[in-house]
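A quick write-up on the structure given underneath.
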Protein chains: 2
Amino acid sequence: MEETNHQPHLCDKVEHSYQLIGKKWIGLIIHSLLDEPKRFSEIHAYIPDLSKRVLNERIKELEESGIILRNVITDRPVRVEYSLTRKGNELGKALKAVEAWAEKWL
Amino acid sequence: MEETNHQPHLCDKVEHSYQLIGKKWIGLIIHSLLDEPKRFSEIHAYIPDLSKRVLNERIKELEESGIILRNVITDRPVRVEYSLTRKGNELGKALKAVEAWAEKWL
DNA sequence: AGAGATCGGTTACTTTTAGTAACAATCGAA
DNA sequence: TTCGATTGTTACTAAAAGTAACCGATCTCT
């Protein structure tokens with residue numbers, strides 16, 4: 001912090017949500033999982049500019065926030081799938097409003 | 001880029017929008033301007049953890065993207081106000097969906 | 001059985017982005 | 001005429017993201 005006259009307002013939840021979606025790649029990752037669960041490598045193929053290191057980091061953060069779920073599928077071969085929770089799915093739907101804005105204005 | 005099998009999809013506009021709102025502070029800055037125009041120092045007071053250096057940078061980016069407008073009001077003393085364009089206002093309204101999600105889930 | 005390839009990561013290192021603090025030009029008030 | 005507010009800028013540090021090489025556990029091919 002730099003100066004100190006922050007009087008007013010600004011809801012904690014709202015602030016928190018902007019801090020969430022204000023992180024690089026979060027929006028696209030959620031978008032990519034909206035239709036169906038995806039494997040690590042599928043997300044990575046879908047968003048090639050996102051490095052594996054950061055993808056891994058984002059996935060862990062989104063898991064901690066209860067937005068995505070890690071499912072280990074014990075078939076042969078063992079696969080790891082990521083899916084949206086209900087919370088995550090609803091965030092994805094909220095972000096659709098931004099996507100609609102993008103279609104109109106960009 | 002790291003590997004090279006990015007086959008499919010992903011709309012440019014959508015990608016661009018996520019790159020926009022995926023930048024730190026952008027969401028909160030737009031939120032802060034949604035009700036009424038604000039001066040530099042008012043935005044800064046509203047979001048105290050955002051440094052002046054970065055606020056200045058973000059403002060320039062948002063101006064270039066046609067989302068906010070810089071109005072120099074030639075009264076005494078001269079003031080500088082920032083307001084949302086129509087484009088910016090609609091983005092702000094789209095972000096309200098995310099805020100509603102935050103109210104419900106956070 | 002051995003040689004590769006794939007998958008889901010991790011590690012070590014570099015580059016980019018954000019935070020901090022100090023400064024400055026302009027103005028008006030005391 | 002000195003002070004504070006306002007809107008920045010500059011120089012420097014710290015944090016976040018990008019890059020590339022590596023790993024262990026399967027699989028596939030021959």
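Atoms considered below: every heavy atom in the structure, side chains included; atoms not considered: hydrogens, waters and symmetry mates. Here is how names work: the chains are called A, B, and so on, in the same order as the sequence lines, proteins then strands, and each is numbered from 1.
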Can you pull every protein N or O that's under 3.5 Å from an N or O on nucleotides 27-30 of chain D?
from	atom 1	to	atom 2	distance (Å)
D:dC27	OP1	A:Pro77	N	3.4

key: Partner residues of B:Glu57 under the side-chain hydrogen bond (donor to acceptor under 3.5 Å, both in side chains) criterion, sequence neighbours left out   = B:Arg53
ask   = Atom CG of A:Asp49 to atom P of D:dT19: distance rounded to whole Å?
value = 8 Å
remark   = Whole-Å distance, A:His44 NE2 to D:dA17 P, equals 15 Å
key: Which residues share a side-chain hydrogen bond (donor to acceptor under 3.5 Å, both in side chains) with A:Glu64, sequence neighbours left out   = none
query = Rounded to the Å, how far apart are A:Arg79 CZ and D:dA25 C1'?
reply = 16 Å
Sequence-distant partners of B:Lys96, salt bridge (charged side-chain N to carboxylate O under 4.0 Å, His left out), two or more places apart = B:Glu99
key: Separation between CG of B:Asn56 and NE2 of B:His44, rounded to the nearest 0.5 Å   = 11.0 Å
Those residues that, when tested against B:Glu81, pass salt bridge (charged side-chain N to carboxylate O under 4.0 Å, His left out) (two or more places apart) = B:Arg79
request  = Just jot down the salt bridge (charged side-chain N to carboxylate O under 4.0 Å, His left out) partners of A:Lys104, sequence neighbours excluded, or say none.
outcome  = B:Glu90
request  = With a 4.0 Å heavy-atom cut-off, tell me which residues in residues 58-73 of chain B come close to DNA chain D, sorted by residue number.
outcome  = B:Lys60, B:Arg70
message = In this structure, how many angstroms lie between the P atom of D:dG18 and the CD atom of B:Gln19, rounded?
response = 11 Å
inquiry  = I want to check something: taking the side chain as every heavy atom from C-beta on, are B:Val80 and B:Arg39 in contact at a cut-off of under 4.5 Å?
reply    = no
Positions of residues 21-29 of chain A (non-hydrogen atom under 4.0 Å from DNA chain D), listed by number = A:Lys24, A:Trp25
task = Kindly say whether, by distance alone, the side chain of B:Arg53 makes a donor-acceptor pair under 3.5 Å with the base of C:dT20?
result = yes
query = Who are the side-chain hydrogen bond (donor to acceptor under 3.5 Å, both in side chains) partners of A:Trp25, not counting sequence neighbours?
reply = none
key: Those residues that, when tested against B:Ser83, pass side-chain hydrogen bond (donor to acceptor under 3.5 Å, both in side chains) (two or more places apart)   = B:Asn71
task = Can you run down the salt bridge (Lys or Arg N to Asp or Glu O under 4.0 Å) pairs that involve residues 11-25 of chain B, sequence neighbours left out, and say none if there aren't any?
result = B:Lys23-B:Glu61
query = Does OP1 or OP2 of D:dT6 have a side-chain N or O of B:Tyr82 closer than 4.0 Å?
reply = no
query = Whole-Å distance between D:dC23 P and A:Lys52 NZ?
reply = 14 Å
ask   = What residues, two or more places apart in sequence or in another chain, satisfy side-chain contact (heavy atoms from CB on, under 4.5 Å) together with B:Ser17?
value = A:Val98, A:Trp101, A:Ala102, A:Leu106
task = Please state whether the phosphate of C:dT20, meaning OP1 or OP2, lies under 4.0 angstrom from any side-chain nitrogen or oxygen of B:Ser51.
result = no
query = Out of D:dA17, D:dT7, C:dG19, which has the shortest distance to the side chain of B:Val54?
reply = C:dG19
